[in-house]
Amino acid sequence: MVTVRAPATSANLGSGFDVFGAALGRPADVLHVEKAERTTIEVTGVGSDFIPEDPDGNTVGAVAEALEAPAHIHIDKGVRPASGLGSSAASAAGAALALNELYDRGLTREELVPIAAEGEAVVSGDAHADNVAPSLMGGFTIVRDDGVTQVDASIPVVTCLPEIVVSTLDARRVVPDGARMEQLVETVSNAATLTVGMTRNDPKMVGMGMDDAIVTPARAELIDGYDAVREAAFESGATGVTISGAGPAVIAACYKSDRRSIATAMIDAFERADIDARAYQTEIGSGAEIV
Ligand code: HSE
């Protein structure tokens with residue numbers, strides 16, 4: 001039996017739509033995996049009622065098939081599905097790491113990324129790697145068609161998860177078809193600033209680089225209270241605020257000393273919009289680990 005803890009992740013970080021991702025210290029999924037004649041799946045924990053246990057409909061079933069590694073996989077969900085915190089990616093990344101170990105496949109974490117992304121395709125219809133890459137590799141990741149660039153960044157963050165659901169499909173439908181040249185220039189500037197900020201572990205630069213005028217404003221319409229939550233986070237010291245992944249979670253970069261007040265301010269702002277929310281005070285940190 002192999003047990004793996006696979007962390008939540010935040011994709012996009014504003015300026016890096018479908019490219020940037022970051023591993024979060026918490027929450028996480030925990031997977032207990034043992035060899036079996038055929039793959040069976042058991043899901044417990046947060047939101048488990050909404051996750052199919054049929055291997056054909058579950059993200060980890062596709063991973064087991066891709067690795068030709070049948071197993072009994074117990075997923076204890078810590079990452080709420082449809083949260084924008086890479087819930088299915090955490091399960092897929094955890095299963096890929098566990099099965100690689102259990103069946104001695106000898107693949108590197110980077111080589112496991114496309115395999116875990118196959119699992120993502122089962123849920124979202126598209127093999128996005130911007131959540132599985134950081135969940136497997138940790139830190140800050142840049143996903144390219146030909147591989148992943150990883151930086152061992154450590155930046156304090158707050159993620160605030162409201163009790164609403166935004167489907168990735170809806171969030172992708174509102175993405176604009178194009179952008180103006182000045183928006184593209186601004187995006188390159190922000191993405192470059194964020195990337196350098198990650199290499200320097202500089203919360204101010206990372207926050208500045210999270211601004212995005214193309215995708216985030218369209219998606220913000222799907223999250224009641226988003227503008228007020230963003231403003232409240234900035235007023236409490238956040239260096240940057242944006243939608244986490246496809247939402248509805250909101251992520252704020254900050255200095256560690258401001259984390260608690262930012263978390264409270266974000267929860268209170270959602271509450272003023274009549275939406276319950278919880279916040280995780282955490283940091284960009286390690287990838288999945290065998291425990
Ligand atoms: N980059 C993706 C999106 C992440 O924002 O739609 C969700 O899988």
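Predicted model, so just to flag it, every value in this text is computed and none were measured. Whatever order the structure lists them in is the order used to number ligands and atoms, beginning at 1.
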S15 backbone acceptor or donor facing N190 side chain under 3.5 Å: no

Any I51 side-chain heavy atom under 4.5 Å of K77 side chain: yes

- prompt: Within a radius of less than 6.0 Å around CD of E182, do more than 12 heavy atoms belonging to other residues, nucleotides or ligands occur?
  reply: yes

Tabulated below should be the N or O atoms of ligand 1 paired with protein N or O atoms at under 3.5 Å; can you produce that?
unit_1: ligand 1; atom_1: 1 (N); unit_2: N12; atom_2: OD1; d: 3.0
unit_1: ligand 1; atom_1: 1 (N); unit_2: D18; atom_2: OD1; d: 2.5
unit_1: ligand 1; atom_1: 1 (N); unit_2: D130; atom_2: OD2; d: 2.5
unit_1: ligand 1; atom_1: 5 (O); unit_2: N12; atom_2: ND2; d: 2.7
unit_1: ligand 1; atom_1: 5 (O); unit_2: R219; atom_2: NH1; d: 2.7
unit_1: ligand 1; atom_1: 5 (O); unit_2: R219; atom_2: NH2; d: 3.4
unit_1: ligand 1; atom_1: 6 (O); unit_2: R172; atom_2: NH1; d: 2.5
unit_1: ligand 1; atom_1: 6 (O); unit_2: R219; atom_2: NH2; d: 2.9

- request: Return the orientation label for the H74 and H32 ring planes: parallel under 30°, perpendicular over 60°, tilted otherwise.
  value: tilted

query: Does NZ in K35 sit with more than 12 non-hydrogen atoms of other residues, nucleotides or ligands closer than 6.0 Å?
result: yes

- prompt: So, E283 and R259, do they make that salt bridge, N to O below 4.0 Å?
  reply: yes

